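Heads up, the thing below is written out as structure tokens.
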Amino acid sequence: MSPRRSQSGGRVDRTRTIRFTFDGRPFTGHAGDTLASALLANGVTLFARSFKYHRPRGVLTAGIDEPNALVTVLHGEVREPNTPATMLEIYDGLTVVSQNRFPTLAFDFGAANQLGGKILGAGFYYKTFMGPVVGPLKGTRFWMFCEYFIRRAAGLGRAGIASDPARYERMNAFCDVLVVGSGPAGLMAAKAAVDSGARVILAELEPKFGGTANWSGETMDGVAAAEWASTMVRDLKARDNVRLLPRTTVWGYYDDNSIAALERVTDHKSAPAKGEPRHRHWSIRAGSVVATGAFERPLVFPGNDRPGVMLAGAAERYANEFGILPGQKVALFVNNDGAYRAAAAMRKAGAEIAAIVDVRGEISEAAREIAEEAGGELLRGHAVVATEGGRHVSGIKVQKFDVANGALSGEARHLDAECLLVSGGWSPVIHLASQAGMKPEWNEALQAFLPPKPTQNWVGAGAFNGRFTTTEALAEGHAAGLSAAGSPGGPVSIPEVEPVALDAHPAPVFEIRAKGKAFVDYQHDVTADDVRLAYKEGFVSVEHLKRYTTLGMATDQGKTSNVPGIAIMAEALGKPIADVGTTRFRPPFSPVSLGALAAERYGELKPERLTPMHDWHLENGAAMYAAGLWYRPMIYGLAGETVEQAYIREAKTTREAAGIVDVSTLGKIAVQGPDAADFLDRVYTNVFSTLAVGKARYGLMLREDGIALDDGTTWRLGNDDFLMTTTTANAGKVMQHLEYLLDVVWPDLKVQLTSVTDQWAGAAIGGPKAREILASCVTGTAVDNETLPFMGIVHGEIAGAPVMICRLSFSGEMAFEVYSGAGHGMHVWEALIEAGKPFGMVPYGLEALGTMRIEKGHVTGAEIDGRTTGRDLGLDWMLSKKKPFVGSMMMDREGLIAEDRVRLVGVISLDNRPLKGGAHIVEEVNEKEPKNSIGHITAVCYSPALGKYIGLALVKGGKARIGTRAFISDPLRDRFGPVEIVSNHFFDPEGKRMHG
């Protein structure tokens with residue numbers, strides 16, 4: 001008989017019918033159902049096919065630890081594969097398909113893999129396809145032949161390619177206590193912490209708070225445990241110092257109690273409400289964390305993966321919470337007393353108990369009484385050695401078993417059963433504790449790994465600590481809540497729980513060795529024999545075992561399989577499990593959507609950095625583009641203007657009157673400390689220790705190998721206080737370089753580095769009228785030539801906001817950089833714009849900025865490309881001979897001073913056509929067979945100052961070629977033509993305009 005829904009019982013809302021489809025077939029369920037419970041209620045037992053052998057698989061668990069029943073959810077063209085049916089709440093219109101099968105779930109060609117036998121054992125893809133000789137297919141040729149088929153067979157669900165239309169959010173939260181899990185221990189911990197006045201977040205991965213209280217069938221202080229939990233939750237909701245997060249999985253534990261969590265906001269809805277995200281990612285900074293929970297383990301025996309085999313605790317939950325009987329005739333196979341509660345739940349729900357098969361010879365009196373009440377045969381000292389049936393259990397075989405030595409004896413006996421409930425003990429959910437640091441510790445009595453001693457501020461409670469009774473969970477939860485809140489607390493009344501809990505200590509039995517495939521990792525089809533094969537082939541470390549067999553590497557991350565797998569390896573090694581150890585659990589605890597991690601930012605997974613004036617740029621017609629991670633104006637185009645026309649207008653106006661540009665994105669690093677000047681002397685090629693306070697200097701940095709790293713200005717604000725500026729793109733690279741030098745090369749220097757790029761907003765005003773514009777709006781300081789000479793620094797105010805002004809220029813015009821606190825950035829910018837209006841000042845973007853820097857011959861990242869030296873760039877005058885500096889020992893290597901190295905020059909188009917960046921320069925053009933490049937163009941523009949198309953280039957021979965002609969050769973873009981090689985200083989080479 002198939003599973004069925006009872007007429008009463010459970011906590012689903014039978015008055016609300018929900019319609020959904022699975023593999024194209026229509027089904028109905030009720031509000032509160034998961035896909036697993038709804039399909040079970042409809043008699044569906046076949047949910048999926050296994051990864052390697054394509055064996056039929058049903059539901060094993062009732063929660064996030066489900067390894068078998070994985071499905072693909074369809075939202076139009078969008079596919080969400082590998083979703084556990086046990087965690088998917090049904091809703092009207094839900095469309096789900098099975099996966100890893102062809103053509104159908106019932107008839108799957110891939111099931112032929114089951115005939116492969118040992119050929120498909122652990123590591124088969126390495127051993128089978130890499131070496132055999134099959135006719136002409138020798139060695140790796142055979143692998144290349146097979147690779148196509150292997151790749152098509154790899155994976156479980158098929159990822160989609162359609163764009164995901166869902167919204168995602170990120171949130172930051174702070175709390176004194178984060179409680180993970182809302183079972184009895186979690187609720188008591190949250191209540192105790194809240195009562196102590198602590199700010200609390202309670203995160204529960206299920207939609208309903210209460211955990212095991214919702215399906216245990218127990219009573220607490222005379223009321224149903226589920227009702228007790230509801231009362232506790234109502235009380236917590238009424239408090240203003242607690243945040244309740246249902247459907248939220250805490251998936252990562254990082255340094256300093258930084259916690260990552262994923263809230264599934266609308267996965268249970270047919271359509272989100274306006275503005276609702278699908279997922280919300282939480283970054284939580286917690287003072288302390290309370291961890292709870294445990295997973296039930298299966299037993300390993302032949303046929304243990306057949307649909308109809310289910311964990312005892314899961315069956316109890318399906319019966320008590322969803323009103324579903326997994327089968328009419330039920331058998332149990334257990335190694336602990338705690339599983340007997342499932343027998344009572346099945347009997348109460350109307351099932352016939354065929355037998356309770358217990359590996360132990362002796363059981364407690366409480367367990368014996370439950371067995372008698374449940375009916376059926378109690379087979380102590382027996383084990384299940386096989387299951388029978390096709391795509392569903394129809395019977396089991398049992399045999400006498402000696403728990404002391406694991407030996408089977410006597411004849412195997414058949415028992416009719418359509419559902420087999422198994423329990424091999426419980427494993428605390430120690431994943432977060434493991435992520436926080438230290439290795440889990442094996443407990444022989446519980447046959448489980450317990451959490452290590454805390455290395456961060458967390459505390460465990462209940463099943464997390466190996467306390468599996470509800471009474472223990474309540475007491476430990478309350479104590480943990482007080483401890484986490486730092487409160488001494490006082491006397492407390494722990495609810496009285498009935499009936500008295502059974503002892504959950506299991507017998508040390510993990511596997512029944514009999515004929516047939518016995519699965520350890522259900523999802524990856526790892527068998528007990530695979531584990532022993534790994535031992536025989538030398539993969540005995542738990543880390544090697546994991547990677548060789550793929551044990552615990554599936555989407556469930558070994559929640560049900562790790563401990564049995566380690567136990568089998570320990571037996572093969574002849575060592576205690578404690579000596580074999582376990583793998584370390586790493587985040588995420590369960591799969592996390594990439595959309596949640598990216599949240600509001602999508603398209604590119606890079607952060608988008610915006611200057612304080614970003615909105616102003618958009619409002620005033622700026623076309624933006626990315627410069628590194630920043631968004632900067634390209635042009636401020638007028639109606640009908642092309643990009644070229646816009647930047648020519650902006651550059652021309654700046655040279656004739658004035659222009660303003662947002663330079664907030666320049667890297668800015670505070671270099672402070674008694675040794676700051678000495679440090680800068682070592683970092684830069686030129687001297688900075690002689691720089692006067694209130695002055696700035698242009699500097700060049702080299703890498704250790706003598707190659708140019710970056711250039712920029714550094715301002716001396718005080719005797720031991722410098723502000724270094726870098727190019728926008730290299731800010732992070734320079735910061736890493738400086739930190740490395742201080743940490744590794746010169747740890748004795750007393751220097752502090754701080755990235756202050758985001759703290760300063762910057763605007764550069766250049767042009768003949770720049771000084772007049774500043775003079776009209778700056779107060780608190782003069783800006784005349786005597787007060788503010790070239791490379792001088794003054795402090796004043798603009799529109800009441802404090803500013804720092806340095807007179808320096810990269811445009812070749814008289815120019816000033818005005819820095820203010822980022823919070824004043826927009827205010828100062830608008831004041832400068834207003835002051836510039838009478839003088840005809842225009843805002844200009846990167847295209848005009850690039851045009852003016854090319855006209856002036858300044859270098860940027862296009863020329864400092866990781867291959868050029870200071871000499872290549874014409875910066876020989878900056879290479880000090882009076883002091884050593886980073887790169888000074890390597891910059892004179894033979895290859896770096898060779899005559900045939902490329903050197904910076906200028907080029908002018910002689911055919912009055914635009915040049916192309918990246919185009920090669922050749923002495924003789926050959927359009928059919930381009931060859932003999934002597935260099936390439938690095939930057940190009942139309943120069944309004946010269947009225948020509950010009951560019952900068954790196955050319956062999958450099959200055960020696962000035963005044964000669966060459967050609968550009970760009971076959972990919974079909975651009976060929978003559979150019980004249982000139983000095984890179986096209987405009988005002990003496991610097992009269994800049995210094996005037």
Side-chain angles (χ1 to χ4, degrees), residues 20-27 29 34-40 42 44-91 93-114 120 125 148-162 164 166 264 267 305-310 391-392 519 521-526 550 552-561 590-595:
F20 64 97
T21 64
F22 177 61
D23 276 347
R25 291 178 57 198
F27 292 95
T34 64
L35 178 67
S37 66
L39 288 177
L40 285 172
N42 282 278
V44 175
T45 57
L46 179 60
F47 280 71
R49 291 281 176 167
S50 67
F51 170 63
K52 186 164 60 176
Y53 296 115
H54 287 247
R55 290 169 69 96
R57 291 281 165 81
V59 173
L60 179 70
T61 77
I64 201 168
D65 49 339
E66 177 59 38
N68 286 342
L70 303 182
V71 298
T72 296
V73 182
L74 303 181
H75 303 277
E77 295 298 317
V78 178
R79 303 173 63 88
E80 183 77 13
N82 300 331
T83 302
T86 52
M87 294 296 293
L88 179 60
E89 299 172 67
I90 63 170
Y91 53 81
L94 173 67
T95 303
V96 181
V97 294
S98 59
Q99 51 191 43
N100 201 46
R101 82 292 186 273
F102 179 80
T104 67
L105 190 57
F107 182 73
D108 178 20
F109 287 145
N113 287 357
Q114 297 178 57
L120 296 180
Y125 28 80
Y148 170 79
F149 303 99
I150 294 174
R151 290 193 182 280
R152 284 187 58 88
L156 288 166
R158 177 169 58 87
I161 59 174
D164 183 0
R264 304 179 305 279
D267 278 353
D305 67 323
R306 199 180 304 278
V309 177
M310 182 183 293
R391 292 196 292 267
H392 191 272
F519 288 88
D521 187 312
Y522 291 81
Q523 194 173 129
H524 271 181
D525 276 339
V526 179
T550 68
M553 293 178 67
T555 61
D556 67 323
Q557 289 291 286
K559 292 178 175 62
T560 58
S561 63
S590 60
V592 178
S593 59
L594 292 177

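As the structure is a computational prediction, the values presented were derived from the model and not from experiment.
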Please name the pair of heavy atoms, one in [X] and one in [Y], separated by the smallest distance, quoted to 0.1 Å.
| X | Y | answer |
| --- | --- | --- |
| Asn100 | Ser50 | ND2-O, 2.6 Å |
| Phe22 | Val97 | CE1-C, 4.2 Å |
| Glu66 | Leu60 | OE1-N, 3.1 Å |
| Met87 | Ile64 | SD-N, 3.5 Å |
| Val59 | Thr86 | CG1-CG2, 4.0 Å |
| Leu88 | Val73 | CD2-CG2, 3.6 Å |

Stacked cation flag Arg55 on Phe519, 6.0 angstrom / 45 deg =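 Geometry flag: not set, cation outside 6.0 Å or 45°.
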Value rounded to 0.5 Å, distance of [atom1] in [X] from [atom2] in [Y]:
| X | Y | atom1 | atom2 | value |
| --- | --- | --- | --- | --- |
| Tyr53 | Asp305 | OH | CG | 11.0 Å |
| Leu46 | Arg57 | CG | CZ | 11.0 Å |
| Gln523 | Asn68 | CD | CG | 8.0 Å |
| Leu40 | Thr45 | CG | OG1 | 8.0 Å |
| Leu70 | Gln99 | CG | CD | 5.5 Å |
| Thr83 | Asp267 | OG1 | CG | 8.0 Å |

Is it true that a side-chain atom of [X] and a backbone atom of [Y] form a donor plus acceptor pair closer than 3.5 Å?
| X | Y | answer |
| --- | --- | --- |
| Thr21 | Arg25 | no |
| Asp164 | Ala166 | yes |
| Asp23 | Ser98 | yes |
| Arg49 | Leu105 | yes |
| Thr550 | Met553 | no |

task = Determine whether Phe27 and Leu39 make a side-chain contact, defined as any pair of heavy atoms from C-beta on separated by less than 4.5 Å.
result =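 Yes. Closest side-chain heavy atoms under 4.5 Å.
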key: Test item: Leu35 and Ile90 side chains (from C-beta on) under 4.5 Å apart, heavy atoms   =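 Yes; the side chains approach each other to less than 4.5 Å.
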inquiry  = For Asp108, is there an ion pair with Arg391 - N to carboxylate O distance below 4.0 angstrom?
reply    =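 Here Arg391 does not pair with Asp108 in a salt bridge, since their nearest N and O are not under 4.0 Å apart.
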